[in-house]
Structure formats: C-alpha cells, structure tokens
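Computation of the quantities below employed the complete heavy-atom set of this structure, encompassing side-chain atoms and omitting hydrogens, waters and symmetry-equivalent molecules. Computed from a prediction, not measured in an experiment: that's the story for all the values here.
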Amino acid sequence: MFSTDPTLQVVKEQYTNQEGLIHAYPLQQDSEYLSESIGLYMEYLVLVKDEERFSEQYEILMNNYQIQQGDLIFIQWVLKMNTKANALIDDVRIISALHDASTLFEEPKYAESANQLTLAITSNQKSNGYTVDFYDWSLNMPAKRITLSYLTNEFFQSTTDTDNMKDLLKNLDDTTVFFPEYFDVTKRKYRESEEVHMIDQLLIAINRENIGYPSEIFKTWCLNEWKHEGKIYGRYDRQTKTASVTYESLAVYYYLNTYFQKINEPDLAKEVLEHAELLASESTIGEAHFFDYIHFQLMKKNME
C-alpha cells in the first residue's frame, strides 16, 4: 500500500536527496544523514501502513548504513567516511520497526535483518554485564556508559537478559525533580549534568512508567509547570529548576504528550498537542530538524 499522507510528500520534497537519503534539515542536503532519521521515518511508515515506502527505506538502510564486520552487521549512526560506531537507541528503534513491518507487510526479510542487528548488540555491545550506548568496531570496544533515556520499550523488546538494565531505572535517585542522565558501568555510578535536557528527562520518566515505577516528584513538577506556565522549555538548570533556554521543542512536546498519556492525564495530553500545533504554525516547522518534524507528525497521528 502506498499512502497519500501529506507528511510523506514533505519528507520527499524537503528532507530527501536524489538518492532517497534523509538529511537532518529541510532543503539542506549538506546537513547530517542519521540512522536516527531513517529509524523514525520507518516507525512512521509502519504507523501509516505504507508498504512501498518502507521497502524503499529498508533498501536504503541496507545499502548505505549497514556495515559488515565479520559475521555481524552494524548500523552507522551517521553517514560519514570515518564513522566507526552505532547508536543503541537508534538501533533498537530500527529493530522494532523492522519487526513490526515484517508482521504488517508479511515480509520475513525484515525480521531476519532485525535479528541480525540484535545479535550484534547482544554479542558485542556489553561492558561489565551492561548493554551500553554504542560499539566501536574499529577498536572492538563497547562504550563505558548507558544513557538511561535509551532504555525504552523497544530496547527491552529487542534484547535479552535485561533485569539488570531495569534495575538501573528502578534504583536511580528519584527523590529530586530531575534524574541522572547515565550510568557509568566501569565505576558503577550514576552521573548527572548541571543542565538537563527535557527529552532525556521525559524519556527516563516514561521508561520508568513502562516497567511499573512511577516518578512522583518529577510528575508533580511536570504537572505544575504545565498548568502554571503552559509550556515546557528544552533545557532546565538542575539546581534552580528554572529554564536555561528560551526555546520550545516539538520533540519535547511529543514526549510530554506521551508522558501525560502514561500517567492517565489525557486532557493534558490533548492540550500539549494543541500547543505544539500552535507552535508549529507560528514558528519554525519549515526549518525544523527532522527529529522535531517527524516526532510532531507521530504525535498528531497517534492522537487521531
């Protein structure tokens, strides 16, 4: 099935080069080509059941992003000559989209590719017993940390032996508003930054909800901030809890919308969508990074 969804026309005309590769910024073919982008687009194509375009993106993935290392297959996180690493969160998103597409479109090769990518992660991408952010195949070396926002539903569905990974989400300090961003697997310590990115914070809260661990202090702060300010900014100071930037992000609102649905606040989730639509119509949707653009489209589609 070939969808007539207008979003797909925008992607083709503004975010895609002549070879069909998705670049980061509209009409800027010299901007980065990321596995993040193709994974998000594949997720969207599954959502709108566009079999033909998904098949095209699968071929682009295999022909351009795939790296063969011995018997294993990896995905470059960015298309550059010197790229020697993957990115866990992008890989598990792609793996999930491939499995979903294999079922939806009855195409076994998608599941086969997903299983190959999973094997590369489970075989090489571990350090001190933890699955980590990336694997550098030029050095045969996994990363030394795991970013907690990467521990999504797709991660737990795509890998095995994940009890210790769930423990990282369970055992973090939730007695303050903001979470630590990552876990140092060598020193076995959580690490935090002075300035927090709200995409990370919302994703960690969502990840905790997904495994049955609510985050009451963070939830209270989010609800109060939304009800009193009517917006959530892109970054905040960890200590003062005040915004450290003046911009709003469509991707932040995608995750805020998702979080409000997770904590059973559907009316607030709808408010977030309406605010994001106003932001998109007033400001920079025509200049948005693909990450923001496609998350905005995913949010609208999920709320239909």
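- Between Tyr130 and Phe183, the ring centre distance stays below 6.0 Å.
- A salt bridge is absent between Arg191 and Glu181; no separation between the charged side-chain nitrogens and carboxylate oxygens falls under 4.0 Å.
- Nearest approach of Ala251 to Ile199, heavy atoms of both residues: CB-CD1, 3.7 Å.
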Under 3.5 Å donor-acceptor pairs involving side-chain atoms of residues 201-210, not counting sequence neighbours:
residue: Gln201; atom: OE1; partner: Phe179; partner atom: N; Å: 2.7
residue: Gln201; atom: NE2; partner: Phe179; partner atom: O; Å: 3.1
residue: Asn207; atom: ND2; partner: Leu148; partner atom: O; Å: 3.1
residue: Asn207; atom: ND2; partner: Ser149; partner atom: O; Å: 3.3
residue: Asn207; atom: ND2; partner: Leu151; partner atom: O; Å: 3.2
residue: Asn207; atom: ND2; partner: Leu203; partner atom: O; Å: 3.2
residue: Arg208; atom: NE; partner: Ser215; partner atom: OG; Å: 2.7
residue: Arg208; atom: NH1; partner: Leu169; partner atom: O; Å: 2.5
residue: Arg208; atom: NH2; partner: Asp174; partner atom: OD2; Å: 2.9
residue: Arg208; atom: NH2; partner: Pro214; partner atom: O; Å: 3.1
residue: Asn210; atom: OD1; partner: Lys262; partner atom: NZ; Å: 2.6
residue: Asn210; atom: ND2; partner: Ile206; partner atom: O; Å: 3.4

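- Here the side chain of Ser31 pairs a donor or acceptor atom with the backbone of Gln28 at under 3.5 angstrom.
- Counting heavy atoms from C-beta on, the side chains of Met165 and Ile146 come closer than 4.5 Å.
- For Tyr259 and Phe218, the ring centers are positioned less than 6.0 Å apart.
- For the salt bridge (Lys or Arg N to Asp or Glu O under 4.0 Å) condition, the pairs that include at least one residue of residues 129-138, sequence neighbours left out, are Asp133-Arg145.
- Residue pairs meeting the salt bridge (Lys or Arg N to Asp or Glu O under 4.0 Å) criterion with at least one partner in residues 210-228, sequence neighbours excluded, are Glu216-Lys219.
- For the pair Tyr254 and Asp292, the minimum side-chain heavy-atom distance is 4.5 Å or more.
- The side chain to side chain donor-acceptor pair (under 3.5 Å) contacts involving residues 10-20 comprise Gln9-Glu13, Asn17-Glu19, Asn17-Tyr33, where partners must be two or more places apart or lie in separate chains.
- With values rounded to the nearest 0.5 angstrom, Ser37 atom OG is found 11.5 Å from Tyr41 atom OH.
- Residue Lys189 places its NZ atom among 12 or fewer non-hydrogen atoms of other residues, nucleotides or ligands, all under 6.0 Å distant.
- Taking the six-membered ring for Trp and the full ring otherwise, the centers of His23 and Phe290 sit at least 6.0 Å from each other.
- In this view, Glu112 satisfies the salt bridge (Lys or Arg N to Asp or Glu O under 4.0 Å) rule with no residue, not counting sequence neighbours.
- Checking side-chain atoms of Thr83 against main-chain N and O of Leu79 turns up no donor-acceptor pair under 3.5 Å.
- By the 4.5 Å heavy-atom criterion applied to side chains, Trp226 and Val272 are counted as neighbours.
- A 6.0 Å sphere centred on CG of Asn224 holds more than 12 heavy atoms belonging to other residues, nucleotides or ligands.
- Not counting sequence neighbours, Glu265 has no partner by the salt bridge (Lys or Arg N to Asp or Glu O under 4.0 Å) test.
- What you find for Gln157 and Ser96 is that their closest heavy atoms are OE1-OG, 4.4 Å.
- Residues Leu98 and Met42 form a side-chain contact, since some pair of their non-hydrogen atoms from C-beta on lies under 4.5 Å apart.
- Partner of Glu195 under the salt bridge (Lys or Arg N to Asp or Glu O under 4.0 Å) criterion, chosen from Arg238, Lys241, Arg235: Arg235.
- Following chains of ILVMFWY side-chain contacts shorter than 4.5 Å, one can reach Ile263 starting from Leu268, so the two form part of one hydrophobic cluster.
- Proximity of a side-chain donor or acceptor of His275 to a complementary backbone N or O of Glu271 within less than 3.5 Å is not detected.
- As a member of the Ile/Leu/Val/Met/Phe/Trp/Tyr network built from side-chain separations under 4.5 Å, Met81 groups with nothing else and remains a singleton.
- Side chain to side chain, His295 and Tyr255 meet the donor-acceptor criterion of an N or O pair below 3.5 Å.
- Distance check, rounded to the nearest 0.5 Å: CG of Asn124 to CG of Asn140 gives 7.5 Å.
- Put simply, the side chain of Ile22 reaches to within 4.5 Å of the side chain of Gln57, judged on heavy atoms.
- Sparse packing is recorded around OH of Tyr25, with 12 or fewer heavy atoms of other residues, nucleotides or ligands lying under 6.0 Å away.
- Under the 4.5 Å side-chain heavy-atom criterion for grouping Ile, Leu, Val, Met, Phe, Trp and Tyr, Leu223 is connected to Val196 within one hydrophobic cluster.
- Pairs of residues two or more places apart, or lying in two chains, that qualify as salt bridge (Lys or Arg N to Asp or Glu O under 4.0 Å) and include a residue from residues 94-111 are Glu59-Lys109.
- Annotation: the span from Tyr247 atom OH to Tyr233 atom OH amounts to 12.5 Å, rounded to 0.5 Å.
- By the 4.5 Å heavy-atom criterion applied to side chains, Ile95 and His99 are counted as neighbours.
- Taking 4.0 Å as the cut-off between side-chain N and carboxylate O, Glu154 and Arg93 do not count as a salt-bridged pair.
- The shortest distance between side-chain heavy atoms of Leu8 and Asp50 falls below 4.5 Å.
- Taking OG1 of Thr240 as the reference point, atom CD of Glu194 lies at 11.0 Å (rounded to 0.5 Å).
- Distance check, rounded to the nearest 0.5 Å: CD1 of Ile38 to CG of Leu61 gives 4.5 Å.
- Counting Ile, Leu, Val, Met, Phe, Trp and Tyr side chains that sit under 4.5 Å apart, directly or through other members, Ile67 shares a hydrophobic cluster with Leu72, Phe74, Leu119, Tyr135, Trp137.
- Contact record, Pro142 with Val132: CB-CG2, 3.7 Å, taken as the closest heavy-atom pair.
- Judged by distance alone, the side chain of Ser55 and the main-chain N or O of Glu51 form no donor-acceptor pair under 3.5 Å.
- Residue pairs meeting the salt bridge (Lys or Arg N to Asp or Glu O under 4.0 Å) criterion with at least one partner in residues 26-40, sequence neighbours excluded, are Glu32-Lys80.
- Hydrophobic clustering, defined by side-chain heavy atoms of Ile, Leu, Val, Met, Phe, Trp and Tyr closer than 4.5 Å, leaves Tyr182 isolated from every other such residue.
- Atom CE in Met141 sits 9.5 Å away from atom CZ in Phe134 (nearest 0.5 Å).
- Contact record, Leu168 with Tyr190: O-OH, 2.8 Å, taken as the closest heavy-atom pair.
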Side chains of residues 296-304: which donor-acceptor pairs under 3.5 Å do they make with residues two or more places apart or in other chains?
residue: Gln297; atom: OE1; partner: Thr7; partner atom: OG1; Å: 3.1
residue: Gln297; atom: OE1; partner: Lys300; partner atom: NZ; Å: 3.3
residue: Lys301; atom: NZ; partner: Asp5; partner atom: OD2; Å: 3.4
residue: Lys301; atom: NZ; partner: Glu304; partner atom: OE2; Å: 3.4
residue: Asn302; atom: ND2; partner: Leu298; partner atom: O; Å: 3.1

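- The environment of OH in Tyr213 is sparse: at most 12 heavy-atom neighbours from other residues, nucleotides or ligands sit within 6.0 Å.
- Side chains of Trp77 and Asn86 form no contact here, defined as non-hydrogen atoms less than 4.5 Å apart.
- Using a 4.5 Å cut-off between side-chain heavy atoms of Ile, Leu, Val, Met, Phe, Trp and Tyr, with links allowed through other members, Tyr65 and Val78 fall into different hydrophobic clusters.
- Gln125 and Thr131 are not linked by any side-chain donor-acceptor pair at a separation below 3.5 angstrom, with hydrogens and angles left out of the test.
- Residues Leu34 and Leu88 do not share a hydrophobic cluster, clusters being chains of Ile/Leu/Val/Met/Phe/Trp/Tyr side chains in contact below 4.5 Å.
- In the hydrophobic cluster analysis, where Ile, Leu, Val, Met, Phe, Trp and Tyr join through side-chain heavy atoms closer than 4.5 angstrom, Tyr150 is grouped together with Leu40.
- Side-chain atoms of Ser113 and Tyr58 include a donor-acceptor pair closer than 3.5 Å.
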